[in-house]
Amino acid sequence: MSDRDDARSPQGFSTRAIHVGQEPDAASGDVILPIHTSTTFAQDSVGETRGDFDYSRAGNPSRAIVEQVIASLEGGALGRTFASGMAATDTALRSLVRPGDHIVIPNDVYGGTFRLLDKVLAPWGVEYSLASVDDTDAIAAAMTPKTKVVWIETPTNPLLNVADIPAVAEVAHAGGATLIVDNTFASPYLQQPLRLGADVVMHSTTKYLGGHSDVIGGALVTNNPELDEDFGFLQKSTGAVPGPFDLYLLLRGMKTLAVRMEQHCSNAEAVADMLEDHDAVASVIYPGLHSHPGHDVATKQMRRYGGMVGVRLKGGRDAAIALCERTKVFTLAESLGGVESLIEHPAIMTHASAAGSTAAPPDDLVRISVGIEDVEDLLADLLQALG
Ligand SMILES: Cc1ncc(COP(=O)(O)O)c(C=O)c1O
């Protein structure tokens, strides 16, 4: 997969992550950009600002650079950052839908996205339907004349289903809908949905982009200037913007995204292979395995297969809980995408808000975010925890 194949990206992925918008400071020579903490900006005369900024909720130099870097990494033109992934999702959806409109979402969508649809937007009159992202015909069938947005994750959280992005884009566009891809699980290093036909990419930058489990954030990237303007209007009007220290952490994290993702992928491949051979395991869900139904599609559109592994236990719910509670190197915790390995039970933890709905994950499922520790330690820890 090439990431230099258009005029917007003449440099490679890591070069852009490290250098886009980050020239050493002209006056001081600082190699690392200052953190712009100012909430307001001096005006030379009334209404005449020195640069692009008047008030930090509307815009700030730290934010502008991070938005430029994320857009560049996604192969897109225009980026926006937010105080969380959910704020980015809320902005994207409320920019595109009005009461009476309809959205298609994955039937195993991230629990927080489901809650936003089901408990916040639905009471305001926005309708939604669920469809399996790996079944493009099912997505087409779920669309109605009122569908304004097809929202997919790929791979999905938590079942790691893989959507064929170009095929879903075709179906969405044929129905007059906007395709938004939550690219959190893959990261732009592994997959760039705008190049595959998506209209908008959304990120929880809390995960791989930040990479160190120390900052909550979100982002939207698009090539469509009108959409970007709408996102900017809501960003400013509702105010869920990231703070300058958060932006600094995110910028720092993104510089090492490529090397971290390579290690996440190598470790996850080893974990998936080991689990697949274990007697206590009913099935392993990892797009890199030939047994995964989305393996061929993933191979077409992803550089590698990511750091997330799902494992279903023969012993059901109790065995799944026991595995989560027995690991020592893997920390029992929600979230993913940090350098440290995490393990969790989606039905009880991250996806509890989907309980009782068709979006609820199976209760024998354990979700593993494979970190970048030494792989021998990760394998030994899982083996001892499986007993
Ligand atoms: C796939 C996915 N999308 C969106 C979100 C929400 O992001 P945040 O927690 O940064 O609001 C998450 C969080 O876990 C996620 O896993």
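Worth knowing before you read on, the calculation uses all heavy atoms, side chains too, and leaves out hydrogens, waters and symmetry mates.
The shortest non-hydrogen separation linking S187 to M261 is OG-CG, 3.6 Å. Closest approach of E74 to P193, counting heavy atoms only: OE1-CD, 3.5 Å. Here the shortest heavy-atom pairing between Y189 and R303 reads O-NE, 2.7 Å. For H264 against G338, the heavy-atom pair with the smallest separation is CE1-O, 3.1 Å. The two residues Q301 and I165 make their nearest non-hydrogen contact at OE1-N, 3.1 Å. Listed here is the closest heavy atom pair of R367 and P158: CD-CB, 4.1 Å.
Every residue two or more places apart in sequence or in another chain was checked for a salt bridge (Lys or Arg N to Asp or Glu O under 4.0 Å) with D108, and none qualifies.
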Review point. Hey, mind stepping through D118 and S353 against side-chain contact (heavy atoms from CB on, under 4.5 Å) and telling me if it holds?
Key: CA-CA 10 Å; D118 192 56; S353 55; over 6 Å; no
Exercise for review: Quick one: do N107 and L159 satisfy side-chain contact (heavy atoms from CB on, under 4.5 Å)? Show the steps, please.
Suggested key: CA-CA 10 Å; N107 63 359; L159 287 174; over 6 Å; no
Exercise for review: Check step by step if side-chain contact (heavy atoms from CB on, under 4.5 Å) holds for V297 and T154.
Suggested key: CA-CA 11 Å; V297 176; T154 180; over 6 Å; no
Check your understanding: Can you list the steps and then say if T350 with E344 is a side-chain hydrogen bond (donor to acceptor under 3.5 Å, both in side chains)?
Key -> CA-CA 8 Å; T350 46; E344 67 118 6; 2.7 Å; yes
Exercise for review: Determine, stepwise, if the pair D182 / W151 fulfils side-chain contact (heavy atoms from CB on, under 4.5 Å).
Suggested key: CA-CA 8 Å; D182 179 341; W151 177 280; 4.0 Å; yes
**Study point:** Check against side-chain hydrogen bond (donor to acceptor under 3.5 Å, both in side chains), D273 and Y286
**Key:** CA-CA 9 Å; D273 286 343; Y286 184 64; over 6 Å; no
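L227 contributes atom CG, which lies 5.0 Å from atom CG of L96 (distance to the nearest 0.5 angstrom). Distance check: S14 OG to L257 CG gives 7.5 Å after rounding to the nearest 0.5 Å. To the nearest 0.5 Å, atoms CG (L121) and CZ (R94) are separated by 7.5 Å. Rounding to the nearest 0.5 Å gives a distance of 11.5 Å between CD1 of I103 and CG of L130. Atom CG of residue D199 and atom CG of residue L179 lie 6.0 Å apart, to the nearest 0.5 angstrom. Taking CD1 of I70 as the reference point, atom CG of L78 lies at 13.0 Å (rounded to 0.5 Å).
Using modelled atom types, one finds a donor on one side chain and an acceptor on the other under 3.5 Å when comparing E67 with T81. Residues S56 and R63 bring no donor and acceptor atom of their side chains to less than 3.5 Å of each other. A donor-acceptor pair shorter than 3.5 Å can be found between the side chains of S341 and E373. Of the N and O atoms on the side chains of D30 and S28, at least one donor lies less than 3.5 Å from an acceptor on the other residue. Side-chain atoms of Y305 and T299 form a donor-acceptor pair, as typed in the model, at a separation below 3.5 Å. Under the 3.5 Å distance criterion, with hydrogens and angles disregarded, a donor-acceptor pair is assigned to the side chains of S291 and E276.
The number of heavy atoms from other shown groups lying within 6.0 Å of NZ (K255) is above 12. In the displayed structure, E229 atom CD is contacted under 6.0 Å by at most 12 heavy atoms of other residues, nucleotides or ligands. For CD of E170, the number of neighbouring non-hydrogen atoms (other residues, nucleotides, ligands) closer than 6.0 Å is 12 at most.
Side-chain contact check for M254 versus L250: some heavy-atom pair is nearer than 4.5 Å. Side-chain contact between Q192 and V201: absent, with no pair of heavy atoms (C-beta onward) separated by less than 4.5 Å. The side-chain heavy atoms of T205 and D246, taken from C-beta on, include no pair separated by under 4.5 Å. The closest side-chain heavy-atom distance from H36 to P244 is not below 4.5 Å. T89 has its side chain within reach of M86: a pair of non-hydrogen atoms, C-beta onward, lies under 4.5 Å apart. Side-chain atoms of D134 and V162, non-hydrogen and from C-beta on, never get closer than 4.5 Å to each other. Proximity of T184 to E153: side-chain heavy atoms (C-beta onward) are nowhere separated by under 4.5 Å.
For D374 (side chain) and E376 (main-chain N/O), no donor-acceptor pair under 3.5 Å exists by modelled atom type. Listed for the H173 side chain is a donor-acceptor partner under 3.5 Å among the backbone atoms of A169. Although no hydrogens or angles enter the test, the distance criterion places no donor-acceptor pair under 3.5 Å between the side chain of H212 and the main chain of R252. Remark: side-chain polar atoms of R16 are paired, donor with acceptor, to backbone N or O of Q11 under 3.5 angstrom. Side-chain atoms of S84 never come within 3.5 Å of backbone atoms of G217 as a donor-acceptor pair (strictly under, hydrogens ignored). At least one donor-acceptor pair closer than 3.5 Å links the side chain of H345 to the backbone N or O of I348. With hydrogens and angles ignored, the 3.5 Å screen pairs a side-chain donor or acceptor of Q384 with a backbone N or O of D381.
A chain of hydrophobic side-chain contacts below 4.5 Å, direct or via other Ile, Leu, Val, Met, Phe, Trp or Tyr residues, connects V120 to I180. Under a hydrophobic-cluster definition in which Ile, Leu, Val, Met, Phe, Trp and Tyr are linked whenever side-chain heavy atoms come within less than 4.5 Å, directly or via other members, V181 and V97 are assigned to different clusters. No chain of hydrophobic side-chain contacts below 4.5 Å, direct or via other Ile, Leu, Val, Met, Phe, Trp or Tyr residues, connects L336 to Y110. Criterion: ILVMFWY side-chain heavy atoms under 4.5 Å apart, direct or through other members. Under it, V171 and V133 are part of a common hydrophobic cluster. The hydrophobic cluster containing V221 also contains L247, counting ILVMFWY residues as joined when their side-chain heavy atoms lie under 4.5 angstrom apart, directly or transitively.
The aromatic rings of F53 and F41 sit tilted relative to each other, their planes meeting at an angle between 30° and 60°.
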Could you give the side-chain donor-acceptor pairs of residues 306-330 under 3.5 Å, partners two or more places apart or in another chain?
unit_1	atom_1	unit_2	atom_2	d
R312	NE	D364	OD1	2.9
R312	NE	D364	OD2	3.3
R312	NH2	D364	OD1	3.3
R312	NH2	D364	OD2	3.4
K314	NZ	D279	O	2.7
R326	NH1	A385	O	3.1
T327	OG1	F330	O	2.9

